[in-house]
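One structure is given here, and the rest of the page talks about it.
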Amino acid sequence: MKQVTFHNTLSRKAEPIVPTKGNVVGMYCCGPTVYAQAHIGNFRTFLAQDVMRRVLQTAGYKVIHVRNITDVDDKTIARSIEEGRQLTEFTEHWTQIFHADCERFNMLAPQIEPKATEHIAEQIAMIEQLIQRGHAYASDDGSVYFRVSSFDEYGKLSRLKERQLLTDAPANDTPVDSDEYTRDSAADFVMWKSRKPTDGDVYWDSPWGQGRPGWHLECSAMAMKYLGNNLDIHSGGVDLTFPHHENEIAQSECSCGHEKKFFKYWIHAAHLLVDGQKMSKSLDNFYTVDDIAAKGYPPVVLRYALTSGAYRQTINFTLDTLGAAQSALVRLKKFSDELLAEAGLKRASVLKEIAKGKHLHDDWDPFADAWKKLTHDMNIAGALGAIFTAIKAKPGPEALIPFHKLIFALGYDLDQVVIEKPKVDVPEDIKILAQKRWDAKQAKDWATADALRDELAAAGWKALDRKDGFDLEQL
RNA sequence: GGCGUGGUAGCCAAGUGGUAAGGCCGAGCUCUGCAAAAGCUCUAUCGCCGGUUCGAUUCCGGCCCACGCCUCCA
């Protein structure tokens, strides 16, 4: 039974994943625009995609994971010019930081990570096909637009027809970009943007003159190139449903003469709020992995906090949830440690085997319920509940593999979990007091020992005894 | 205005037409001189009002509140 279901935005229902081709699931994820460090909201989505992939792999599918890097757009160009750096150098810098963050989160690296700037030819070819088929037109200034009215199915993903768009936008909302005026219809979107002074030296030659690709186009061209035969899953944040994904569908399906459906399953992750509001720098609730790490929480704790809620539901992130995540992870780690110690195995080697697919049997006992929850539209919260319930029943050594298969699927790097409190520098006088208490204790002079404990407490310290000594903790 | 999501214990959060998983925190107990650790136990009638039903937190209708999207955005 390797059935995995996900909620498909196209049908608005949870559907079992049936790959286009055999046992291979093609999975395209809209990746980051590399102009700054990704924030935890971005990672909420990327982490959901990572678990999605891990669940599919654990179920026995071979996943081809493609995640693009958007390395040319208004923001990357503007910021790089601001900083006086070459676009490639600038985007390379942020790409590296993105990769480092992904690693810290223990995310599986996509097998293919295409960059927009390295697929200009494919994008131009797609535009040419669209023009040929009458779905696109060039304007006088050399920009090319997709003619939305030429595609009957436009809007099928976001249910555009059922919505009444806000049309009376304030006058100053009208884009000043010259190419915006030359569109035949307000709904038409740009696929090729003619070169502007604000683009600096960023441009490519094309049949329509110098310019650069529009944002929606790269995903279409690269997804078709790398997953043309495995158009299974396409995912991203909810905000991409419209217009980004709608436009991708239009471009892609029209470019091939409607021979192919551009992806069977569209999966969207909800947004993240911080303290009940949208993250923003002005509200001082804008966090990156570094910000959370600086507060003493390793990335695995943040990963837990960002993934333990339903992926299709907005989560409200607060710093308090990190404490809960930390404590829960400690329990998982302790359980893992016990099982491994009993079996005389190392966590890394067990997980490595699982990652390689060496334990693809369906023997999930005693975690069958947890796995079932995980494969049913990725119910991570439900799965965690089932895991803790199973742990409470104190299962035997047979739990080792199923438990670690779940840990693999959830992607928690338990080695990052710190069970002991970090050692802190203890002032000399406190050390002396504590030593005196220890000596009194050894002499079974309880009265003195207790008095010294009180003194320590008054100074803000607490002694934690071990068999052969003591640790000190700040109150 | 249109479309959509959510309101479950102090906090976070699953779930189901038949009297509510789990995590965190807190409290009590057990166990160790004390403390810590560990273990055990305890804490909700599911926003409000109607309806359908033998029975609804779960279905339907209305209302209130919060939030998201409506062409920059994970």
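The model shown is predicted, which means the values in this text are computed figures rather than measured ones. Naming convention: chains lettered A, B, ... in sequence-line order (proteins, then strands); numbering from 1 in each chain.
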Counting just side-chain N and O atoms, does [X] come under 4.0 Å of either OP1 or OP2 of [N]?
X      : N     : result
A/R331 : B/C24 : yes
A/K278 : B/C69 : yes
A/N316 : B/C67 : no
A/K394 : B/G39 : no
A/S308 : B/C12 : no

Interatomic distance where CZ belongs to A/F470 and C1' belongs to B/G33 [whole Å]: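 For the pair A/F470 CZ and B/G33 C1', the rounded distance is 17 Å.
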What's the closest nucleotide to the side chain of A/L273 if the choices are B/C67, B/G6, B/A74?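 Of all the options, the side chain of A/L273 is nearest to B/C67.
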Counting only side-chain heavy atoms from C-beta out, which of B/G22, B/A37, B/C72 sits nearest to A/T389?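 Looking only at heavy atoms from C-beta outward on A/T389, the closest nucleotide is B/G22.
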Using a heavy-atom cut-off of 4.0 Å across all strands, would you classify [X] as base, sugar-phosphate, or nothing?
X      : answer
A/D320 : nothing
A/G237 : sugar-phosphate
A/I315 : nothing
A/A328 : sugar-phosphate
A/R437 : base
A/S327 : sugar-phosphate

So which nucleotide does B/C3 pair with, by the Watson-Crick or G-U wobble rule with both distances under 3.5 Å?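 In the structure as shown, B/C3 has B/G68 as its Watson-Crick or wobble partner.
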Please measure how far the C1' atom in B/U8 lies from the corresponding atom in B/A21, and state the result in whole Å.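 Those two atoms are separated by 12 Å.
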Count the heavy atoms of every other residue, nucleotide or ligand shown that sit under 6.0 Å from NE2 of A/H39, and state whether that count exceeds 12.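 Yes, NE2 of A/H39 has more than 12 neighbouring heavy atoms, counting only those of other groups under 6.0 Å.
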With a 6.0 Å cut-off (strictly less than), is the heavy-atom count around NZ of A/K156, excluding the residue itself, greater than 12?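 Yes - once you tally the heavy atoms of other residues, nucleotides and ligands closer than 6.0 Å, there are more than 12.
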Relative to the 5' end of RNA chain B, which residue comes earlier, A/N42 or A/G385, by the nucleotide with the nearest heavy atom?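 By nearest-heavy-atom nucleotide position, the 5'-most residue is A/G385.
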When you measure from the side chain of A/D199 to the backbone of A/K196, do you find a donor-acceptor pair of N or O atoms at a distance under 3.5 Å?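 Answer holds: yes.
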Looking at B/G22 and A/F388: do their rings stack (centroid distance under 5.5 Å, interplanar angle under 30°)?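 Taking the rule of under 5.5 Å and under 30°, the ring of A/F388 does not stack on B/G22.
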According to a cutoff of under 5.5 Å between the ring centres and under 30° between the ring planes, does A/H271 stack with the base of B/G68?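 A stacking contact does not exist, since A/H271 is not both close and nearly parallel to the base ring of B/G68.
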Could you check, using the six-membered ring where one of them is a Trp, whether A/Y412 and A/Y304 have ring centers closer than 6.0 angstrom?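 A/Y412 vs A/Y304: aromatic centres under 6.0 Å.
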Any non-hydrogen side-chain atom of A/T198 less than 4.5 Å from a side-chain atom of A/I77?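 Side-chain contact under 4.5 Å: no.
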